[in-house]
Amino acid sequence: MTTRKVRVRFAPSPTGPLHIGGVRTALFNYLFAKKHGGDFILRIEDTDSTRFVEGAEEYINESMEWLGMTIDEGVKQGGDYGPYKQSERRAIYKKYADQLIETGWGYYAFDTAEELDALRAKAEAEKKTFAYDMHTRQHLKNSLSLSAEEVKQRMEAGEPWVIRFKMPEDTTVKTNDMVRGAVTFNTNTLDDKVLYKSADQLPTYHLANIVDDHLMEITHVIRGEEWLPSVPLHIMLYRALGWEESMPLFAHLPLILKPTGKGKLSKRDGDKGGFPVFPLNWQLEDGIAAGYRESGYFPEAVINLLALLGWNPGTEQELFTMDELIELFDIERVNKSGARFDPDKARWFNQQHLVRKSDDELATLYQSVLKEHGHTPDTTYVSQVVSLVKERVNFVSELWEQSAFFFEAPLSYDAKVVKKRWKGDVPAFMTSLTMILEALEKWDAESIKACIAEHIEENGLGFGLVMNAFRLALVGGGFGPDLMTIAEMIGKEETIQRINNAVEKLA
RNA sequence: GGUCCCUUCGUCUAGUGGUUAGGACGCAAGGUUUUCAUCCUUGAAACAGGAGUUCGAUUCUCCUAGGGACUGCCA
């Protein structure tokens, strides 16, 4: 093979929200392209007019943008190989469909969908399988079984027809898959797939795919494992069209499986397990399908976790930036077997990426959450809060429950902690403590601590007991960062106020 | 049913013709944190089964079992 510039494509169908498995396919294409200094193309495969869904194409673009996968050529971006939407390429496909007829690789068929359905049903009733293939084509309504005159008549009468591929007999087709190695098929087990339909003047996936990949000079086809069985057909099509010399290399990715149970990951699994299956939220008739973005995941975390589902660099590193992934990616290291999705590990990836972000960046994100709670504090203060609590959360949204007390007094107190810590002499002591603190001149963590320690000693109380009660008063529960730092940050007045509040409410 | 693909801890995986089969998530215990979380240490946890090749197989081959995909005028 000559050294062509690497060109890969991600070719989704706009039939709904992009699934996380599709996102990973896109990612592996993207990584491969960037790794080899090639082009990443987005092609919209909308040859099924009946399954078109409004907004799906925009959803795909928005997802790619959010995840940071830059598209070099596509419907939006343009390029020298357009159009990039198959419904706009009708004339192109017709030409090659006709070529297949002329060269004898294809034939016209007039069987209706109903007729074929009936044949399938009948075969099934007899515990057999119906296939439109070398054994049956002579007995069906097509240009192979009908006279040339009848074919002509039917077409002139406006009867709908399709073009089918005449799968040759007894031919061994070999492919050398980049992830699976040698795979061999025999054409005898293959059927005559529909390639083109007169009804909507559009090709089916197979023809459109091969024609476009050839015309767009695609060098590597990286797609899901569900396409592996179509490889022999595709290879035969390249052969039939005379393009075998420049045929792209194939790589079939393993599937992403359900966390538990059988089968591949589906929307239902996400609902059941409480994790997203889509990159972005998607409005459904009966609610919304959760997206990673809206669920609080960082795009870099999603990229990271998806990259490691079916691939690894062979080292023990697990956390990567997109640039590192591009640097390290090797399609040969992609696994062959399906990978179960693990929601726990997904959360872990987000936590890891969160901790690695700067306090300022997180503070900016946190500001919008704070605004929803009616607070618009100083950025420096938020940044300080973030630095104290960021290691205890997985998502930005969880920052609030871990740090609300920095912005407002507790509204309630954790009953368990109250029972355990707010007893005996504690209330009286806390009241006396407010006097002492009132008199404290220098309000910083160190001074507060020294002051309280001294007071505890004078009263002969347990240090742990007092500190936990103090925490309860300031925070409302038994959690949070260093208490003295909290007291320093919320200020003297507020600290005393909260102690008084607690004494009053917990009396 | 047919065709094709796959099979290392519960999960994601590394790995080799001779290893104490390594890491991560999760789980458990201990430590740090006078709290919670983080963090640190430790632990339990795997080569699907059976033949064959070989001095020796988790690693190579075959068979079985299990899992998966496809089997549309869908992609």
Side-chain angles (χ1 to χ4, degrees), chain A residues 11-15 22 45-48 50-51 109 111-113 116-117 120 123-124 127-132 160-164 177 179-181 183-186 188-191 193-200 202-206 208-209 223-232 252 254-255 257 259-260 262-264 305 308-319 333 335-349 351-352 355 389-394 398 402 414 417 420-421 462-468 470-472 475 477-483:
Chain A
S13 242
T15 55
E45 307 223 326
D46 56 347
T47 51
D48 184 356
T50 64
R51 292 214 309 159
D111 318 84
T112 65
L116 295 174
D117 283 345
R120 281 192 192 94
E124 198 173 339
K127 292 204 167 181
K128 282 187 274 189
T129 319
F130 169 77
Y132 208 119
W161 47 265
V162 299
I163 292 175
R164 282 182 181 270
D177 194 277
V179 339
R180 277 151 217 287
V183 183
T184 308
F185 304 86
N186 187 292
N188 286 352
T189 62
L190 271 22
D191 62 348
K193 284 273 183 284
V194 171
L195 300 178
Y196 190 90
K197 45 219 198 287
S198 69
D200 56 8
L202 278 169
T204 61
Y205 170 84
H206 302 290
N209 194 263
R223 69 222 312 191
E225 188 185 346
E226 68 268 28
W227 294 108
L228 196 54
S230 329
V231 165
H252 288 89
L255 264 19
L257 276 16
T260 55
K262 293 181 177 184
K264 60 177 178 180
L305 75 92
L308 256 53
L309 227 40
W311 173 86
N312 74 81
T315 63
E316 285 179 359
Q317 184 181 356
E318 291 203 282
L319 268 8
R333 285 197 64 90
N335 285 305
K336 297 178 176 68
S337 52
R340 277 190 195 281
F341 181 82
D342 183 351
D344 281 331
K345 196 145 188 180
R347 279 186 280 274
W348 177 78
F349 274 114
Q351 187 257 122
Q352 292 296 311
V355 170
V389 300
K390 71 173 180 182
E391 282 180 348
R392 3 170 54 94
V393 300
N394 294 323
E398 290 173 356
Q402 288 298 326
D414 186 323
V417 184
K420 197 173 169 194
R421 314 287 192 187
F463 203 84
L465 185 66
V466 172
M467 295 309 280
N468 283 299
F470 188 29
R471 174 176 294 278
L472 182 68
V475 173
F479 64 96
D482 179 63
L483 238 200

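Both backbone and side-chain heavy atoms feed into the values below; hydrogens, waters and symmetry mates do not. Every chain is numbered from 1 and lettered A, B, ... according to where its sequence line falls, protein lines coming before strand lines.
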Exercise. Is any side-chain N or O of A:Thr315 closer than 4.0 Å to OP1 or OP2 of B:A14?
Worked result: no
Exercise. Hey, is the side chain of A:Asn312 poking within less than 4.0 Å of OP1 or OP2 on B:U13, counting only N and O atoms?
Worked result: no
Which atom pairs link the protein and nucleotides 1-9 of chain B when you take only N or O atoms and keep those under 3.5 Å?
residue : atom : partner  : partner atom : Å
B:G1    : N2   : A:Thr129 : OG1          : 3.4
B:C5    : O2'  : A:Arg180 : NH1          : 2.4

Could you check whether [X] gets within reach of a base, just the sugar-phosphate, or nothing at all, counting any heavy atom under 4.0 Å?
X        : answer
A:Pro481 : base
A:Lys262 : sugar-phosphate
A:Ala113 : base
A:Arg164 : sugar-phosphate
A:Gly310 : sugar-phosphate
A:Asp482 : base
A:Arg51  : base
A:Thr15  : nothing
A:Arg333 : sugar-phosphate

Partner residues of [X] under the salt bridge (charged side-chain N to carboxylate O under 4.0 Å, His left out) criterion, sequence neighbours left out:
X        : result
A:Lys264 : none
A:Asp177 : none
A:Arg421 : none
A:Glu398 : none

Which atom pairs link the protein and nucleotides 40-48 of chain B when you take only N or O atoms and keep those under 3.5 Å?
none

Exercise. Is the closest basic N to carboxylate O distance between A:Arg340 and A:Asp342 below 4.0 Å?
Worked result: no
Seminar exercise, completed: Which of A:Arg223, A:Lys336, A:Arg180, A:Glu225 passes side-chain hydrogen bond (donor to acceptor under 3.5 Å, both in side chains) with A:His252? It is A:Arg223
For this session: Please state the P separation for the pair B:G52 and B:U59 - nearest whole angstrom.
Result: 14 Å
Exercise. Can you tell me how far C1' in B:A44 sits from the matching atom in B:G30, rounded to whole Å?
Worked result: 15 Å
Taking N or O atoms only and anything under 3.5 Å, show me the protein contacts with nucleotides 59-64 of chain B, one pair per line.
none

Problem set entry | Residues forming a side-chain contact (heavy atoms from CB on, under 4.5 Å) with A:Asn188, sequence neighbours excluded | A:Met134, A:Glu169, A:Asp170, A:Asn186
Problem set entry | A:Arg471 (side chain) and B:U35 (base): donor-acceptor pair under 3.5 Å | yes
For this session: Summarise how protein sits on nucleotides 19-25 of chain B as a single string, 5' to 3': B when a protein heavy atom is under 4.0 Å from the base, S for sugar-phosphate-only contact, - for no contact.
Result: ---SSBB
Exercise. Is a donor on one side and an acceptor on the other found under 3.5 Å between the side chain of A:Ser198 and the backbone of A:Pro160?
Worked result: no
Problem set entry | Residues which pass ring pair (Phe, Tyr, Trp, His ring centres under 6.0 Å) with A:Phe341, listed by chain and number, not counting sequence neighbours | A:Phe275
For this session: Please identify each residue that fulfils ring pair (Phe, Tyr, Trp, His ring centres under 6.0 Å) with A:Trp227, with sequence neighbours left out.
Result: A:Tyr205
For this session: Please identify each residue that fulfils side chain to side chain donor-acceptor pair (under 3.5 Å) with A:Asp111, with sequence neighbours left out.
Result: A:Tyr132
